[in-house]
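First the proteins, then the strands, lettered A, B, ... as listed; each starts at 1.
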Amino acid sequence: MRVRFAPSPTGFLHIGGLRTALYNYLLAKKHGGTFVLRIEDTDRSRFVADAEQDILDMMTWAGIEYDEGPGREGDVGPYRQSERSARYAEVAQQLIASGNAYIAFDDDAALEALRERHRSAENPNPRYDHTTRGEMANSLTLSADEVAARLDAGEPHVVRLKVVPGNAVSFTDAIRGNVTFESGTIDDQVLIKSDGLPTYHLANIVDDHDMGITHVIRGEEWLPSTPKHILLYEAMGWTAPAMAHLPLILSPTGGKLSKRNAEKQGIPVSVHQYVEQGYEPAALVNFLALLGWNPGDEREMFSLEALSGAFSLERVGQSGVQFDLNKLRWFNEQWLRERTNEDIAGQLHEAASERFGDVELSYLAQAISMMKERMSFAEDLFEADYLFQAPETYDEKAVAKRWKESSSGALKGFAGRLDQLEDWTEEALEAALNGFIEDEGIGMGAIMFPLRMSLSGVGGGPSLYSLMQLIGKEETLSRIETALDRLG
RNA sequence: GCCGCGUUCGUCUAGGGGUUUAGGACGCCGCCCUUUCACGGCGGUAACACGGGUUCAAAUCCCGUACGCGGUACCA
């Protein structure tokens, strides 16, 4: 089995593109096949110089490694279509010679005139096809001499597929089953553009054939183009690869996950935005895998490795799937907790030190262990800035509601005990507090709330014993003193 | 307009003739745990688009309608 991911370098890697890459990768891994990366850079006008690097970087980030592609040459390279032009021209010539394609000289104005001529309410989009090609300037309507003359004169021209009407073009889609198109509804697709470069359709089938691709797995937006590809394979006498069209990823309101549409709803479309926003690669991969595929049982947590074993095309769904940021966040929480405190500490160390001055790695790891189950993203740790520095303000609403007249006294009394405490461990701190409330005859809340407020400034958070243990005796006493000053 | 694909809780989905009072997950709500906030546990909310047909029996098969999505470029 050989599969490929064939993105166009026209911009940052799209989230849907990453899923397509993932499914191809998983299928290859599952079957011990080869995963090829091919860069489809045949559109000079939309080419973006940095895009290929972004595609490579994002795949690496997600852990999706390709077996063959740019920089990892196999036997069927090069893997950029811009480096394979001669081959497409050769195939185009063969198609012309066999009568399956023809040369057309019509320029943009002629094409527009064609549309003008035929446009109506019933036919808003007239096409260049078997019904209209007879009106145009092409090698089917012009004499051989004229065609030769125009070619000699260097007149711009394209090569078009000659689609014969009246045939059923069928193929079996691995996800959708049998799909049939009537050939009369297919237009005479341009195969070679006037700049001499191939369109997607030609380049794609030539490369898939030459590269020995056995399974084409791509987005559903390609389903309507597939009969053209089938026709091309037939015309060349090649066997078409197996086809599988993945359900589209839709925006949360159901529409297309276009850049504009999605970002309006707070959904990043470029993979690099997920990187910037601190998503765990394992979480994005897990989420994307389940967006259109399911294992058939109730498991949900899948590493890339586990997916490689479980994935199958048979269990890919057929209908469009809406993107749910909530579910992604949940996966992020799950995968964040899978990481060790030390690992996350290493990731956050630099940023922590920038914000709070030098922070020890071990201190950071301990803070993370206290906060991990309260965080959705690694960087969320910094929202609990009291882990690193004394609170600057105190939550007014909480203070108004729960800071009682007795609070200062209790706090003062407990501070006295803490001052005497030699053994600064969570256990000793807990024992000290329990002893205090027993001796004073007060409830736990009477001391816990004022203590929490003085140490953190907020009403919620991790265990106070571990917080005191983390920041140390001196800092604990200092924060209590400050709070007593400011909250009375 | 035409062509194609689709349609089970708000979302991702299981189920593909009787096993179903339609199962799970996210979200939301409640309870428990608990110094707080979380985590966790338990429970709740909520779906077979509609209409015909086939059948003893349909969420499941067939047809139609509606709706959604995609395509309709010298873009991919």
**Request:** Produce a footprint string for nucleotides 62-76 of chain B: one letter per nucleotide, 5' end first; B if the base is under 4.0 Å from any protein heavy atom, S if only the sugar-phosphate is, - if neither.
**Result:** -------SBSSSBBB
**Distance (rounded to the nearest 0.5 Å) between Arg402(A) CZ and Asp395(A) CG** = 11.0 Å
**Request:** First locate atom CZ of Arg479(A), then atom CE of Met468(A), and finally report the distance between them rounded to the nearest 0.5 Å.
**Result:** 12.0 Å
Please work out if [X] contacts a base, only the sugar-phosphate, or nothing of the nucleic acid, heavy-atom cut-off 4.0 Å.
{"X": "Ser463(A)", "value": "base"}
{"X": "Gly292(A)", "value": "sugar-phosphate"}
{"X": "Arg337(A)", "value": "sugar-phosphate"}
{"X": "Val458(A)", "value": "nothing"}
{"X": "Arg315(A)", "value": "sugar-phosphate"}
{"X": "Gly445(A)", "value": "nothing"}

**Request:** Mind checking ring-ring contact (aromatic ring centres under 6.0 Å, His included) for His130(A) and listing every partner two or more places apart, or none if nothing turns up?
**Result:** none
**Prompt:** Which residue pairs pass the salt bridge (Lys or Arg N to Asp or Glu O under 4.0 Å) test when at least one of the two sits in residues 39-51 of chain A, sequence neighbours left out?
**Reply:** Arg38(A)-Glu40(A), Asp43(A)-Arg46(A), Arg44(A)-Asp195(A)
**Message:** Considering only residues two or more places apart or on different chains, which pairs with a residue in residues 169-180 of chain A satisfy salt bridge (Lys or Arg N to Asp or Glu O under 4.0 Å)?
**Reply:** Arg176(A)-Glu220(A)
Please set out all donor-acceptor pairs under 3.5 angstrom arising from side-chain atoms of residues 160-171 of chain A, sequence neighbours excluded.
{"residue": "Arg160(A)", "atom": "NH1", "partner": "Asp188(A)", "partner atom": "O", "Å": "2.8"}
{"residue": "Ser170(A)", "atom": "OG", "partner": "Thr180(A)", "partner atom": "OG1", "Å": "2.9"}

**Message:** Give me each pair satisfying ring pair (Phe, Tyr, Trp, His ring centres under 6.0 Å) with a member in residues 177-206 of chain A, each pair once, sequence neighbours excluded.
**Reply:** Tyr200(A)-Trp222(A), Tyr200(A)-His229(A), His201(A)-His229(A)
**Item:** Assigned partner base of C2(B), Watson-Crick or wobble definition, under 3.5 Å
**Value:** G71(B)
**Prompt:** What does U20(B) pair with, Watson-Crick or G-U, if both distances are under 3.5 Å?
**Reply:** none
Restricting to nitrogen or oxygen on both sides, can you table the protein-nucleotides 42-48 of chain B pairs closer than 3.5 Å?
none

**Request:** Could you please name the option among G1(B), U13(B), U35(B) that lies closest to any side-chain atom of Glu122(A)?
**Result:** G1(B)
Report, one line per pair, each donor and acceptor closer than 3.5 Å where one atom sits in a side chain of residues 431-444 of chain A; sequence neighbours left out.
{"residue": "Asn434(A)", "atom": "ND2", "partner": "Glu430(A)", "partner atom": "O", "Å": "3.3"}
{"residue": "Asp439(A)", "atom": "OD2", "partner": "Arg417(A)", "partner atom": "NH1", "Å": "3.1"}
{"residue": "Asp439(A)", "atom": "OD2", "partner": "Arg417(A)", "partner atom": "NH2", "Å": "2.5"}

**Request:** List for me each residue that meets side chain to side chain donor-acceptor pair (under 3.5 Å) alongside Glu405(A), sequence neighbours excluded, and say none if there are none.
**Result:** none
**Request:** With sequence neighbours excluded, tell me which residues meet side chain to side chain donor-acceptor pair (under 3.5 Å) with Asn326(A).
**Result:** Arg329(A)
**Request:** Please collect all side-chain hydrogen bond (donor to acceptor under 3.5 Å, both in side chains) contacts where either partner lies in residues 289-299 of chain A, sequence neighbours excluded, each pair once.
**Result:** Asn294(A)-Arg315(A), Asp297(A)-Arg299(A)
Table of protein N/O atoms under 3.5 Å from nucleotides 20-26 of chain B N/O atoms:
{"residue": "G23(B)", "atom": "O2'", "partner": "Glu298(A)", "partner atom": "OE2", "Å": "3.4"}
{"residue": "G24(B)", "atom": "O4'", "partner": "Glu298(A)", "partner atom": "OE2", "Å": "3.0"}
{"residue": "A25(B)", "atom": "O4'", "partner": "Glu300(A)", "partner atom": "OE2", "Å": "3.1"}
{"residue": "A25(B)", "atom": "O2'", "partner": "Glu300(A)", "partner atom": "OE2", "Å": "2.1"}
{"residue": "A25(B)", "atom": "O2'", "partner": "Lys327(A)", "partner atom": "NZ", "Å": "2.9"}
{"residue": "A25(B)", "atom": "N3", "partner": "Lys327(A)", "partner atom": "NZ", "Å": "3.2"}
{"residue": "C26(B)", "atom": "OP1", "partner": "Trp330(A)", "partner atom": "NE1", "Å": "3.4"}
{"residue": "C26(B)", "atom": "O2'", "partner": "Lys327(A)", "partner atom": "N", "Å": "3.4"}

